[in-house]
*Asks:* 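Right, I'll just put the structure down here and ask away after.
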Amino acid sequence: MFEGKAAPIRINEVATRDGLQNEAVFVETDDKVALVDRLSGLGYAKIEVTSFTSPAAIPALRDAEAVMHRIRREPGVVYTALVPNVRGGERALECRIDEFNLVMSASETHNLANLRMTRPQSLRQLGEVAALARSAKVPVNISLSCVFGCPMEGEVPAAAVLEWVGRLADLGATGVTLCDTTGMAYPPQVHGVCAAIARAYPGLHLTGHFHNTRGMGLVNTLAALQAGIRQFDMSLGGIGGCPYAPGASGNVATEDVVHMLQCMGYDTGVDLAGLITAAHVLEELVGHALPAQVSQAGHRLKRHDPPPGFDAIRARAHARTSDNTTQPVAP
């Protein structure tokens, strides 16, 4: 069913931006830098480190420049950041960013609520930022929100999504991230939309970005994989959310997806044991339990000690076997 296992799956980490910006506590700069440095050695394709949005708008990431200047750059890892406008792009270039990640929504209502602009206004602004990046020879990825549904409008027509992806490609984007911003996607929809976009724009690097709000993050990842997507955004520990969808949870947890893919025989290149350790560190930083499951339960083959008194239980069982006697079994 799932073919192409020889092709590696590229994993992007977004907890350090998409996750931390939703946390009530401010994670200190030293701790952010140490977390990014820890993640850098685990085999990621890309780490979204921070956001160059106004510090007043996202105070949790007000130390963007300090973090970017201090992190250790691991060869082969792309260090990206959210860039909302030209001023943010200028700040990002001063920090030697590897990629601009721009954002707009496929839903007009969500775009207005989130960015305070209509979609055409957003497209014009993205064009200005993309031109700045092009002049600096920095690649541009654009994250398209609400591809699979809007919490205010409902369904977002697939034809409209295709049209907007085309407009983003015309801006010079090298990649587009297809975002299930509020966890409304379901597998047949994901497969159909991803396959259609991959066919229509074969030159674009497509990334899947799924939230786990309704418990379908893992199956939606598999549906996108089956449709040909080979790069995915994930969030360590599953942290994150969306302010415009009550109850929305974070991205599907990195350790949960990596565990699943590795069990299926896919090459992610990511150190699962290192992810689990990093998730425990993150849990201490944010001060609450994380929704991820594998970092709590461990790998499916993790061994546990037998219960207390097990040696006596085993000895009695063997004694009954040798005596040819049986004992009642509890219902």
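Just so you know, these numbers use all the heavy atoms, side chains as well, and skip hydrogens, waters and symmetry mates.
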*Asks:* Where do R300 and H259 come nearest, in terms of heavy atoms and distance?
*Replies:* N-NE2, 3.1 Å
*Asks:* Does E90 have more than 12 heavy atoms from other residues, nucleotides or ligands lying within 6.0 Å of its CD?
*Replies:* yes
*Asks:* According to a 4.5 Å side-chain heavy-atom criterion applied to Ile, Leu, Val, Met, Phe, Trp and Tyr, with indirect links allowed, do L282 and F26 form part of one hydrophobic cluster?
*Replies:* no
*Asks:* Pick out which of N251, V257, T221, N12 makes a side chain to side chain contact (heavy atoms under 4.5 Å, CB included) with F232.
*Replies:* T221
*Asks:* Regarding R124 and E128, does a basic nitrogen lie under 4.0 Å from an acidic carboxylate oxygen?
*Replies:* no
*Asks:* Taking all non-hydrogen atoms of both residues into account, name the closest pair between T80 and F100 and its distance.
*Replies:* OG1-C, 4.1 Å
*Asks:* Will you find, in the side chains of T177 and N141, an N or O donor that is under 3.5 Å from an N or O acceptor?
*Replies:* yes
*Asks:* So does L236 get a backbone contact from the side chain of E13, meaning a donor-acceptor N/O pair under 3.5 Å?
*Replies:* yes
*Asks:* Is it true that R314 and D311 make a salt bridge, defined as a side-chain N closer than 4.0 Å to a carboxylate O?
*Replies:* yes
*Asks:* Among V252, V14, I11, find the one that has a side chain to side chain contact (heavy atoms under 4.5 Å, CB included) with D233.
*Replies:* V14
*Asks:* Begin from the C-alpha positions of E23 and H288 and carry the test side-chain hydrogen bond (donor to acceptor under 3.5 Å, both in side chains) through to its verdict.
*Replies:* CA-CA 10 Å; E23 290 296 319; H288 62 80; 2.8 Å; yes
*Asks:* Would you name the heavy atoms of A60 and L20 that are closest together and state the gap between them?
*Replies:* CB-O, 3.6 Å
*Asks:* Does a salt bridge link R91 with E94, judged by any charged N lying under 4.0 Å from a carboxylate O?
*Replies:* no
*Asks:* Tell me whether the count of non-hydrogen atoms from other residues, nucleotides or ligands lying under 6.0 Å of CZ in R72 goes above 12.
*Replies:* yes
*Asks:* How long is the span from the CD atom in E255 to the NE2 atom in H280, to the nearest 0.5 Å?
*Replies:* 8.0 Å
